[in-house]
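Structure first, commentary second.
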Protein chains: 2
Amino acid sequence: MTDFAATRAMFDLPKGVIYLDGNSLGPLPHAAKERVARAIADEWGQMLITGWNKAGWMDLPARVGDRVGRLIGAAPGTVVMGDTLSIKVYQALASALELRPDRRVILSDTGNFPSDLYMAEGLCRTLGSDYALKTVAPEAVEDAIDDSVAVLMITEVDYRTGRKHDMARLIAKAHAAGALVVWDLAHSAGAIPVDVAGNDTDFAVGCSYKYLNSGPGGPAFIYVAPRLADQVRPALSGWLGHESPFAFDLDYRPGAGIERMRVGTPPVLQLAALDAALDVWEGVDMNDLRSRSLELQDRFIAVVEAACPALTLATPRAHAQRGSQVSFRHSQGYAIMQALIAEGVIGDFRAPDILRFGFTPLYLSPEDVTQAAETLCDIMATGRWDRPEFHARAKVT
Amino acid sequence: MTDFAATRAMFDLPKGVIYLDGNSLGPLPHAAKERVARAIADEWGQMLITGWNKAGWMDLPARVGDRVGRLIGAAPGTVVMGDTLSIKVYQALASALELRPDRRVILSDTGNFPSDLYMAEGLCRTLGSDYALKTVAPEAVEDAIDDSVAVLMITEVDYRTGRKHDMARLIAKAHAAGALVVWDLAHSAGAIPVDVAGNDTDFAVGCSYKYLNSGPGGPAFIYVAPRLADQVRPALSGWLGHESPFAFDLDYRPGAGIERMRVGTPPVLQLAALDAALDVWEGVDMNDLRSRSLELQDRFIAVVEAACPALTLATPRAHAQRGSQVSFRHSQGYAIMQALIAEGVIGDFRAPDILRFGFTPLYLSPEDVTQAAETLCDIMATGRWDRPEFHARAKVT
């Protein structure tokens with residue numbers, strides 16, 4: 001059994017705070033603080049340029065990628081880190097479209113994270129020639145897969161409601177129709193068991209600053225199925241994806257396999273933070289994590305539904321249809337969330353009416369969750385959310 | 001007068017090392033170490049998700065962009081940080097091509113950094129329709145500008161030889177031919193006086209980890225002329241370039257001006273390091289820096305040429321044609337550079353035969369430069385570079 005008391009002790013959690021927003025930005029692992037300080041003082045400061053070799057900076061994207069790969073069912077050498085998730089979405093889509101030259105449609109759903117849709121839109125515009133992004137309601141995706149679809153682009157867990165797609169089923173249907181799949185794991189990696197290889201996906205992408213706790217702006221990852229990795233020719237053909245970057249050839253020749261998905265100079269300080277943050281996962285069994293996450297979610301839902309009838313559950317009740325977050329709707333959700341944060345329970349708000357709570361067993365106990373739910377219900381019962389300061393909008397919510 | 005003893009005291013330089021590779025990776029400013037430690041412990045650790053507002057993380061790309069802007073002659077609100085230089089090159093090229101829909105040629109030169117050429121190649125392939133990258137020798141660029149050229153993409157200072165283009169002249173010629181200009185400042189920003197606005201350039205891009213000392217993998221920057229910024233529609237249309245990212249609309253609407261060149265979540269830790277590194281520049285006059293840089297270069301060239309006839313100067317003699325580095329050629333350049341590094345003088349090697357030395361007045365004194373040159377000459381005179389260990393190739397050089 002995974003020792004969740006031990007994982008909790010690995011985080012630097014502020015006193016008096018119950019943190020239910022690890023689905024947006026994970027908290028600080030102690031090891032990340034030390035590891036970045038070392039990367040700065042001992043590596044950058046002392047090794048200077050030689051750190052690229054001596055400290056292994058150049059290999060960090062692949063080495064850390066393998067560690068992330070273990071959490072998503074990817075074999076070593078099939079995941080690489082770099083850039084942001086939006087850029088990785090663009091790379092995956094461009095590669096997939098090129099592998100289906102006779103098709104013109106990217107299919108996605110309206111529950112996808114907007115940046116994925118925006119990147120697809122920008123790519124279609126650049127490609128011209130009738131390329132188009134088609135979006136349907138999440139529940140209509142399966143029926144919309146047909147032989148016009150080049151790529152199915154799906155974020156497994158909805159960032160607003162926490163509704164989870166059945167990826168195995170969608171991937172099988174897409175492949176049967178001759179389409180490729182780009183699977184966005186932003187709310188899956190480190191949140192639920194994932195098996196990209198077992199599900200035979202083509203491309204997967206995700207970010208590291210949510211459930212993987214790499215810190216603000218940590219790098220993204222990309223997985224390409226080994227059967228495809230040597231076929232794709234990257235649209236974003238940067239020098240570190242070149243077969244021989246330090247030959248400084250004038251012509252681009254893609255590197256071997258996943259290496260070609262690298263673009264520019266890797267963000268060493270952010271990668272160092274992520275590398276340390278991944279230490280927390282060494283003793284974690286993803287099935288234990290999943291059971292515990294569902295237990296925490298169920299506990300939260302039970303307390304809130306019993307005492308706060310004004311909040312409407314937005315997350316599906318069926319376990320199989322849930323990620324690792326629970327959302328409730330309320331027309332005054334923004335102010336309610338501000339009031340809750342003011343009392344030390346941190347979740348977040350997503351327009352127009354979603355109160356969003358992430359459940360992360362690595363550092364949340366059942367007692368935390370009960371206390372958070374009770375605080376929320378008390379705020380609702382007393383109406384103390386309805387104060388002017390809680391209605392004032394901050395720039396980022 | 002700029003106080004270069006004061007700027008030198010702001011860096012954490014290893015004992016016994018003379019660092020002539022700040023054109024590849026700048027050394028550690030003391031302030032960066034402290035600033036990143038604070039960003040991790042006090043911001044990420046204590047503020048958690050609220051750091052996006054409370055610590056100003058969301059505004060860092062624009063705020064730090066303004067500080068970089070001051071060093072390249074860009075007005076506030078015209079530069080933004082993010083991604084890597086390769087990605088910024090792609091954004092600038094895609095935007096420029098769209099503004100010249102009747103033209104198909106990107107013109108560049110064979111002295112450009114290969115990643116710029118690779119990114120252009122990838123973009124042309126994605127665009128199809130006869131888009132092409134045309135490269136000519138550096139000295140042939142001016143004559144190759146004609147009315148077929150959509151975009152002139154030039155890195156001002158050659159990464160191998162240190163040869164500097166006359167950008168004012170090239171920009172004027174390009175504009176007269178109806179072409180737009182993407183000016184790569186990788187070896188210019190913080191190295192030489194730059195005036196992107198005064199020279200009426202259209203787009204400029206650059207990296208921060210060389211002369212700006214932001215640390216390994218620090219973010220890139222992009223400048224778009226204000227007269228164009230509201231016209232371009234980004235190809236890499238990520239959510240943080242959206243007019244209203246937190247509205248989570250399904251359709252992309254570009255943000256105001258330079259904001260639309262943002263893509264994904266900014267790398268806060270790397271930006272914090274850069275922000276602190278820019279403090280060093282507060283008292284620096286770029287004309288003083290330029291004079292001092294040329295003085296250091298001339299001193300180095302004089303000592304080396306007097307004592308090492310086997311080394312051939314690859315950098316132009318005319319000051320107006322130089323950046324802030326000096327390069328010499330030797331068929332055994334790799335081994336010579338390894339021997340020099342072993343004796344505490346750090347430069348670097350670029351295939352096939354270039355020994356490259358960066359001159360950065362912020363932390364290099366005339367005495368350092370004389371000592372470095374004398375060490376190099378002594379290694380040459382004694383032949384002690386010709387040992388097996390200096391011929392063994394590391395992965396990154």
Side-chain angles (χ1 to χ4, degrees), chain A residues 12 14 19 21 24-25 27-28 33 36-37 40-41 44-46 48-49 51-53 57-58 84-87 90 94 110 114-115 117-119 121-122 126-127 215-217 234-239 246-250 252 263-270 273 346 348 351 394-397, chain B residues 12 14 19 21 24-25 27-28 33 36-37 40-41 44-46 48-49 51-53 57-58 84-87 90 94 110 114-115 117-119 121-122 126-127 215-217 234-239 246-250 252 263-270 273 346 348 351 394-397:
Chain A
D12 192 358
Y19 195 56
D21 210 8
S24 190
L25 176 71
L28 170 62
K33 184 159 50 179
V36 175
I40 291 180
W44 177 15
Q46 293 301 306
L48 295 160
I49 189 69
W52 288 107
N53 284 315
W57 295 341
M58 197 48 83
T84 63
L85 177 50
S86 295
I87 296 292
Y90 191 90
T110 54
S115 203
L117 304 178
Y118 303 159
M119 294 305 287
E121 202 185 305
T126 300
L127 286 164
L236 301 176
S237 41
W239 72 305
F246 291 90
F248 299 104
D249 291 333
L250 293 180
Y252 182 75
V263 184
T265 304
V268 171
L269 305 185
Q270 308 270 171
I346 303 183
D348 65 19
K395 189 167 173 186
V396 184
T397 57
Chain B
D12 192 357
Y19 195 56
D21 210 7
S24 190
L25 176 71
L28 171 62
K33 183 159 51 179
V36 175
I40 291 180
W44 176 15
Q46 293 300 307
L48 296 159
I49 188 68
W52 288 107
N53 283 314
W57 295 341
M58 196 48 81
T84 63
L85 177 50
S86 295
I87 295 291
Y90 191 90
T110 54
S115 202
L117 304 178
Y118 303 159
M119 294 305 286
E121 204 185 302
T126 300
L127 285 165
L236 302 176
S237 41
W239 71 305
F246 291 91
F248 299 104
D249 291 333
L250 293 180
Y252 181 74
V263 184
T265 304
V268 170
L269 306 184
Q270 309 269 171
I346 303 183
D348 65 20
K395 187 166 175 189
V396 184
T397 57

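Note on naming: letters A, B, ... go to the chains in the order of the sequence lines (proteins, then strands), and numbering restarts at 1 for each one. It should be emphasised that the depicted structure is a prediction, and the values quoted were computed from it without experimental measurement.
- Interface remark: B:Leu127 contributes backbone and side-chain atoms alike to the contact with chain A (heavy atom separation under 4.5 Å).
- Looking only at side-chain heavy atoms (C-beta outward), A:Val263 and B:Tyr118 stay at 4.5 Å or farther from each other.
- Note: B:Leu250 leads B:Asp21, B:Leu250, B:Thr110 in heavy-atom pairs under 4.5 Å with chain A.
- In this structure, chain B has heavy atoms under 4.5 Å from both the backbone and the side chain of A:Leu236.
- Looking at B:Ala235, the atoms closer than 4.5 Å to chain A (heavy atoms on both sides) sit in the backbone and in the side chain alike.
- In this structure, the side chains of A:Leu25 and B:Trp44 come closer than 4.5 Å at one or more pairs of heavy atoms.
- A distance-only check finds no donor-acceptor pair linking the side chain of A:Tyr90 to the backbone of B:Ser237 [under 3.5 Å].
- Shortest non-hydrogen contact noted between B:Asp12 and A:Gln46 is OD1-NE2, 4.5 Å.
- Heavy atoms of A:Ala37 lying under 4.5 Å from chain B are absent altogether.
- For the atom pair B:Leu117 CG and A:Tyr252 OH, the distance stands at 13.5 Å (nearest 0.5 Å).
- Counting heavy-atom pairs under 4.5 Å between each of B:Gly264, B:Ser115, B:Pro234 and chain A puts B:Ser115 at the top.
- A:Leu48 is listed as a side-chain neighbour of B:Pro14, based on a closest heavy-atom distance under 4.5 Å.
- Contact annotation: the side chain of B:Val36 approaches that of A:Ile40 to within less than 4.5 Å [non-hydrogen atoms, C-beta and beyond].
- We find the CD1-CD1 distance between B:Ile346 and A:Ile49 to be 9.0 Å, quoted to the nearest 0.5 Å.
- Only the side chain of A:Thr84 comes within contact range of chain B, judged by heavy atoms closer than 4.5 Å.
- Contact of B:Leu85 with chain A is not made at all, since no heavy-atom distance falls under 4.5 Å.
- Taking every heavy atom of both residues into account, A:Leu28 and B:Ala41 meet most closely at CD2-CA, 4.3 Å.
- Only the backbone of A:Pro266 comes within less than 4.5 Å of a heavy atom in chain B; its side chain stays farther off.
- Here B:Gly215 is the residue among B:Gly215, B:Ser24, B:Ala247, B:Ser86 with the most heavy-atom pairs under 4.5 Å with chain A.
- The choice from B:Pro27, B:Ala273, B:Ala94 that makes the most heavy-atom pairs within less than 4.5 Å of chain A is B:Pro27.
- Summarising the geometry of A:Trp52 relative to B:Pro216, their closest heavy-atom pair is CZ2-CB, 4.0 Å, with the distance given to 0.1 Å.
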